[in-house]
Amino acid sequence: MAKTPAQRIKKHGSKAAVPQHHLPPVVNPTTARTPQKAQTNSNLILIAGVVASLFLFWYLHLLTLDQLRQLSGGLAMPDSLIGGFDHAYISTLHAAMDGDARGQLNYVHKTAGTLFPLIFGFSWLLLIGTNTARKALRWALWAIPLLFVVVRLWGNVAIDGVLASDTADAGQVALASGLTVSGWVLLVLSLLAGAAAVILGSRKPKAAS
C-alpha cells in the first residue's frame, strides 16, 4: 500500500520525497475584462438606447398622437401642446372625444407614453455617467432626465384624469397643463445636458502612451 506524505516524512525525515500537486489555473487570462471592453459594451447599450428613444419619440408624438386627431375632430392631444392648454380647451376636447377615443389615448399613455420617458431617461443617465467624471456635476446633470421621467409619467396620469372627468376643475387642468409644459422644457434641458456631458467627455486629457 502506498504511504501517505505524512508517513514518508515520519520515516525518512527531511529526505522524504513528497509528490508536488499543482492546481490548474482557474482564471483564463484571455477572458479578462479590460476597461476598453467595458467602454465598448457601454457604448453599444448607449447607441441602442438612443436609437430606441428616437424611434419612440417619432412613434408617440409624430405618428400615434397625430393620428388620434381623427378621433377628436382635428384637435391636438394635450401631450402635443408645448405651450399648455386651458380649461376651455379640455372641455372642447372632452366633448369631441367619446369614451373609446379617450380609452385609446389612455392606452397610448400606458404603452409608448411610458416606454419613451423610461428608455430616454435611462439612455441619458448612461450618456452623462460615461462622459462626466466629477461626481457633483454628474449628479447635477442626472437630475434633469430623472425629473423629466417623473414629470412625463405624472403628466400622462393627469391628462387622463382631466379627460375622464366630466367636471374637471380648473386646478386639475392647470396641473396637467403645467406638467405638460414642464415635460417639454425638461426634454430640451435633458438634450442640452447630454450634449454638455459629451463635450466635457471629449475634453478629458488623454493618458500619455
Side-chain angles (χ1 to χ4, degrees), residues 30-68 76-85 105-160 175-209:
T30 61
T31 60
R33 181 179 176 85
T34 64
Q36 291 77 11
K37 289 182 179 180
Q39 183 65 35
T40 300
N41 293 338
S42 177
N43 289 339
L44 290 175
I45 296 173
L46 179 57
I47 292 172
V50 171
V51 171
S53 298
L54 290 173
F55 170 77
L56 286 170
F57 179 86
W58 168 81
Y59 177 79
L60 175 62
H61 290 284
L62 304 180
L63 180 65
T64 308
L65 291 178
D66 187 66
Q67 288 179 343
L68 286 177
M77 295 299 104
D79 313 61
S80 303
L81 301 175
I82 300 176
F85 42 85
L105 178 60
N106 177 262
Y107 177 76
V108 170
H109 284 159
K110 289 180 178 179
T111 52
T114 298
L115 288 175
F116 168 64
L118 289 177
I119 293 178
F120 175 84
F122 170 79
S123 301
W124 252 243
L125 290 178
L126 182 59
L127 173 66
I128 293 170
T130 55
N131 288 280
T132 310
R134 293 171 54 190
K135 186 176 181 180
L137 179 60
R138 184 166 64 246
W139 276 104
L141 295 177
W142 270 350
I144 301 173
L146 285 173
L147 281 174
F148 166 75
V149 173
V150 173
V151 168
R152 280 299 299 263
L153 295 180
W154 189 6
N156 289 344
V157 175
I159 291 172
D160 289 334
L175 174 61
S177 177
L179 290 171
T180 300
V181 174
S182 299
W184 282 105
V185 172
L186 287 169
L187 176 60
V188 174
L189 291 177
S190 296
L191 294 174
L192 294 176
V198 171
I199 293 173
L200 291 174
S202 65
R203 292 179 179 177
K204 291 179 182 178
K206 296 181 180 180
S209 56

Taking the side chain as every heavy atom from C-beta outward, state whether L60 and L115 have any pair of such atoms under 4.5 Å apart. no
Does L63 have any side-chain contact (heavy atoms from CB on, under 4.5 Å) partners at least two apart in sequence or in another chain, and if so, which? W58, Y59, Q67
Rounded to the nearest 0.5 angstrom, the CG-CG distance for L127 and L141 is 10.0 Å
Restricting to side-chain contact (heavy atoms from CB on, under 4.5 Å), what partner residues turn up for L126, sequence neighbours left out? S42, I45, L46, T130
Measuring only between side-chain heavy atoms, which start at C-beta, is L65 closer than 4.5 Å to L68? yes
Can you give me every donor-acceptor pair (side chain of residues 76-85, partner residue at least two apart or in another chain, under 3.5 Å) with its distance?
from	atom 1	to	atom 2	distance (Å)
D79	OD1	H109	NE2	3.3
D79	OD2	H109	NE2	2.7

Donor-acceptor pairs under 3.5 Å, side chain of residues 186-196 to any protein atom, not counting sequence neighbours: which ones?
from	atom 1	to	atom 2	distance (Å)
S190	OG	L186	O	2.7

To the nearest 0.5 angstrom, please state how far the OG1 atom of T132 sits from the CD1 atom of I199. 11.0 Å
Which value, rounded to the nearest 0.5 Å, describes the distance between S53 atom OG and F122 atom CZ? 10.0 Å
I'd like a table of donor-acceptor pairs (distance under 3.5 Å, sequence neighbours excluded) in which one partner is a side-chain atom from residues 151-159, with atom names and distances.
from	atom 1	to	atom 2	distance (Å)
R152	NH2	H61	NE2	3.3
N156	ND2	G113	O	3.1

Where do A197 and I128 come nearest, in terms of heavy atoms and distance? CB-CA, 3.9 Å
Which residues pass the ring pair (Phe, Tyr, Trp, His ring centres under 6.0 Å) test with F148, sequence neighbours left out? F120
When you look at L200 and N131, which way does the side-chain contact (heavy atoms from CB on, under 4.5 Å) test go after all the steps? CA-CA 7 Å; L200 291 174; N131 288 280; over 6 Å; no
For V149 and P117, the nearest pair of non-hydrogen atoms, with its separation, is CG2-O, 3.2 Å
Ignoring hydrogens and angles, tell me if any N or O in the side chain of W124 forms a donor-acceptor pair with the backbone of P145 under 3.5 Å. no
